[in-house]
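This report refers to the structure that appears directly beneath it.
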Amino acid sequence: MIDPKVLRDDPDRIRAAQAKRGLSADVVDDALAADGRRRSAIVEFERLRGEQKTLGRQIATASGEEKQALLERTRRLSAEVKEAEAAQSQAEETYRALVMTIPNPAAEEAPAGGEDDYVVLEHVGKPRDFEAEGFEPRDHVELGRLLGAIDIDRGAKVSGARFYYLTGVGADLELALVSMAMDQARRSGFTTMIPPTLVKPRAMEGTGFLGQAADDVYRVEGEDMYLVGTSEVPLAAYHSDEIMEAESLPRRYAAFSPCFRKEAGSYGKDTRGIIRVHWFDKVEMFSYTTLDDAAAEHQRLLGWEKEWLEKLELAYRVIDTAAGDLGLSAQRKFDCEAWIPTQGRYRELTSTSNCTDFQTRRLDIRGRFPDGVRPIATLNGTLVAIPRTIVAILETHQQTDGSVRVPTALQPYLQGRELLEPASSR
RNA sequence: GGAGGUGUCGCCUAGUGGCCUAUGGCGCCCGCCUGCUAAGCGGGUUGAGGGUUACCCCCUCUCGCGGGUUCAAAUCCCGCCACCUCCGCCA
């Protein structure tokens, strides 16, 4: 949720922020009007309630006719109070519903515009030149089949399109990547976590996934529960309704969890392979810190993501996502996109967002500072999203015979294996 | 899933319709006293919203959550949630 004070005192700032994302500013005016109605409803209720309390105290000590007269008066008043209270909660609900739809204003540094208006910040590593090496790279589907690592056909048979089995060395690869990621996170000061992935609406809404993003979310039939699309959700909600001691910040968590996404609206996109799937496992980094430190923490998260990709010896670039592509909660977002040889382009492998106080306001998370209780910031960043990382590793490190070289840093997590070889040649 | 119990401030706790504007203790903060420390003494210490807005101040809400009864609810009634104990089931 945006800062209600900013909305009230400096609505032009929110209007400009809407424009930068390519959104209408009408909601700003609607919200301002609703805020006015809300405040007058509060004043009216409090006036009546105050009167009721005053008279109530008199009744307690009055007697006889005086008491009867007071009772007569307060009986009517009681109904008015009830009415005013209902009007107040109605007005607050209307206001809240409007404000909740307003996205986090993008950072000044974030590029304006939509999906295609990102800015490339840097390239790291060089995409492997298969032409110069004189062979046609196989795609991950074929490599996965050769290695006995990915079984897409049976995934479809059992669960449908966009599902897969990781088998044999594929399963080993996931466990290795997860262990390696958790090791890195632990060394970097993160508390490792295994969070629940079925959550109540509050957690979903608090992290900004129930608004226009709700289409992409699995809801459990017959229960008020959702399957999370990222462990950002349970990690953000972890400290909901809490006041965190300022000196305990930054607090960092790294969670391993499955992620579930409907992928609504992506029909026909990435239908081949495991680039875009309904379920995958992920290790996610999550930080709680002060608003002053948030931008610096964002750079740290990006730094850990880069360290990770470099250890996997992948070529990638970093982009600064444009305002319109930020999602509801983020103020700024960096994506690390790895080069996928058979696609001839960079694809998102990790993504890190600075959500400033947007989620903490919704989840009632604050910090206790020497000068009082104030909002704090949350940030999230992918360490490893398994399927896409497997795609990048297989395709990047493949050899002419279909075997795949294991990046040095990963070898200790794969029983020392330096090479993954096709099942038939073993 | 069934039965019973519990839910009050960071923690413990008093509180059975109006004198609750919620008690006391611990912890914490400020001050006094004091060779130092401890003890002692005095004061402060939930959070949110609104009025006003430099500050002060005033008001409303907040006793797990939501309803209801009543002129008036921490207190009475109903529903829900969480935890504890037991039973059932289960990895």
Side-chain angles (χ1 to χ4, degrees), chain A residues 1-11 31-100 194-206 220-226 234 237-249 251 257-258 288 291 357-376:
Chain A
M1 190 163 87
I2 60 167
D3 186 347
K5 283 197 187 64
V6 173
L7 175 67
R8 194 184 306 163
D9 300 339
D10 194 5
L32 280 173
D35 187 36
R37 285 192 295 273
R38 161 182 159 270
R39 281 186 290 160
S40 50
I42 289 171
V43 169
E44 176 63 3
F45 163 72
E46 290 186 353
R47 184 181 67 78
L48 291 167
R49 176 65 178 159
E51 190 181 346
Q52 182 186 42
K53 287 179 72 166
T54 307
L55 294 177
R57 274 191 291 272
Q58 289 173 22
I59 289 172
T61 52
S63 60
E65 274 180 38
E66 193 193 353
K67 186 164 187 167
Q68 288 313 310
L70 284 169
L71 283 175
E72 177 67 23
R73 233 175 109 194
T74 46
R75 249 188 285 273
R76 278 196 309 271
L77 190 56
S78 178
E80 288 174 40
V81 169
K82 205 156 282 184
E83 222 170 282
E85 188 174 20
Q88 182 194 329
S89 20
Q90 169 82 54
E92 288 191 322
E93 193 35 59
T94 305
Y95 165 75
R96 188 181 149 80
L98 278 167
V99 174
M100 291 284 271
I194 311 280
T197 46
L198 213 45
V199 300
K200 297 194 276 188
R202 170 94 192 283
M204 222 60 186
E205 184 184 59
V220 178
E221 175 154 14
E223 298 200 34
D224 222 1
M225 302 283 282
Y226 296 88
Y238 187 61
H239 286 296
S240 52
D241 300 321
E242 292 181 23
I243 297 174
M244 301 173 76
E245 295 300 328
E247 59 263 34
S248 76
L249 304 174
R251 288 264 280 261
S257 83
Y288 294 85
L291 285 168
D357 52 349
F358 192 84
Q359 294 177 328
T360 55
R361 281 183 193 280
R362 294 174 159 226
L363 291 166
D364 288 318
I365 302 167
R366 290 150 292 163
R368 191 181 302 282
F369 295 84
D371 61 329
V373 173
R374 288 190 275 114
I376 60 173

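Chain A is the first sequence line, chain B the second, and so forth, proteins listed ahead of strands; every chain is numbered from 1.
Residue R8(A) is classed as a sugar-phosphate contact, given heavy-atom separations below 4.0 Å to backbone atoms only. At the heavy-atom level, R38(A) lies under 4.0 Å from the strands shown only through sugar-phosphate atoms.
Computed from coordinates, the K5(A) NZ to G51(B) P distance equals 11 Å when rounded to whole Å. Distance CZ (R37(A)) to C1' (G50(B)): 18 Å, rounded to an integer number of Å. One can place CD of E85(A) at 14 Å from C1' of G49(B), the figure rounded to the nearest angstrom. If you measure from atom CD1 of I42(A) to atom P of A48(B), you get 15 Å, rounded to the nearest angstrom.
Counting heavy-atom neighbours within 6.0 Å of E83(A) CD, excluding the residue itself, gives a total of 12 or less. Counted within 6.0 Å of CD on Q90(A), heavy atoms from surrounding residues, nucleotides or ligands total 12 or fewer; the atom is thus considered open.
In a base pair of the Watson-Crick type (N1 to N3 plus N6-O4 or O6-N4) or a G-U wobble (N1-O2 and O6-N3), with each distance short of 3.5 Å, G88(B) is matched with no nucleotide. For C63(B), there is no paired nucleotide, since no Watson-Crick or G-U wobble pair has both relevant distances below 3.5 Å. In this structure, C28(B) and G44(B) make a Watson-Crick or G-U wobble pair, each of the two defining distances being under 3.5 angstrom. With a cut-off of 3.5 Å on both Watson-Crick or G-U wobble distances, the partner of A82(B) is given as U6(B).
Both R39(A) and R57(A) lie close to RNA chain B; mapped to their nearest nucleotides by heavy-atom distance, the more 5′-ward contact belongs to R57(A). Projected onto RNA chain B by closest heavy-atom contact, K200(A) and I243(A) fall at different nucleotides, the more 5' of which corresponds to I243(A).
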All N/O contacts under 3.5 Å from nucleotides 61-72 of chain B to the protein, with atom names and distances to one decimal?
residue : atom : partner : partner atom : Å
C61(B)  : OP1  : R49(A)  : NE           : 2.3
C61(B)  : OP1  : R49(A)  : NH2          : 2.9
C61(B)  : OP2  : K53(A)  : NZ           : 2.9
U69(B)  : OP2  : K82(A)  : NZ           : 3.4
C71(B)  : OP1  : R75(A)  : NH1          : 2.9
C71(B)  : O4'  : T74(A)  : OG1          : 3.3
C71(B)  : O3'  : S78(A)  : OG           : 3.3
A72(B)  : OP1  : Q52(A)  : NE2          : 3.4
A72(B)  : OP1  : S78(A)  : OG           : 2.8

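Between E51(A) and R73(A), at least one side-chain N (NZ, or NE/NH1/NH2) sits under 4.0 Å from a carboxylate O, which counts as a salt bridge. Using a cut-off of 4.0 Å between Lys/Arg side-chain N and Asp/Glu carboxylate O, K5(A) and D9(A) are scored as not salt-bridged.
Side-chain atoms of E46(A) and base atoms of G49(B) include a donor and an acceptor less than 3.5 Å apart.
R49(A) and Q52(A) share a side-chain donor-acceptor pair at under 3.5 Å.
Considering only heavy atoms from C-beta on, I2(A) comes within 4.5 Å of F358(A) through its side chain.
Of the residues in residues 359-370 of chain A, those lying under 4.0 Å from RNA chain B by heavy-atom distance are R366(A), R368(A).
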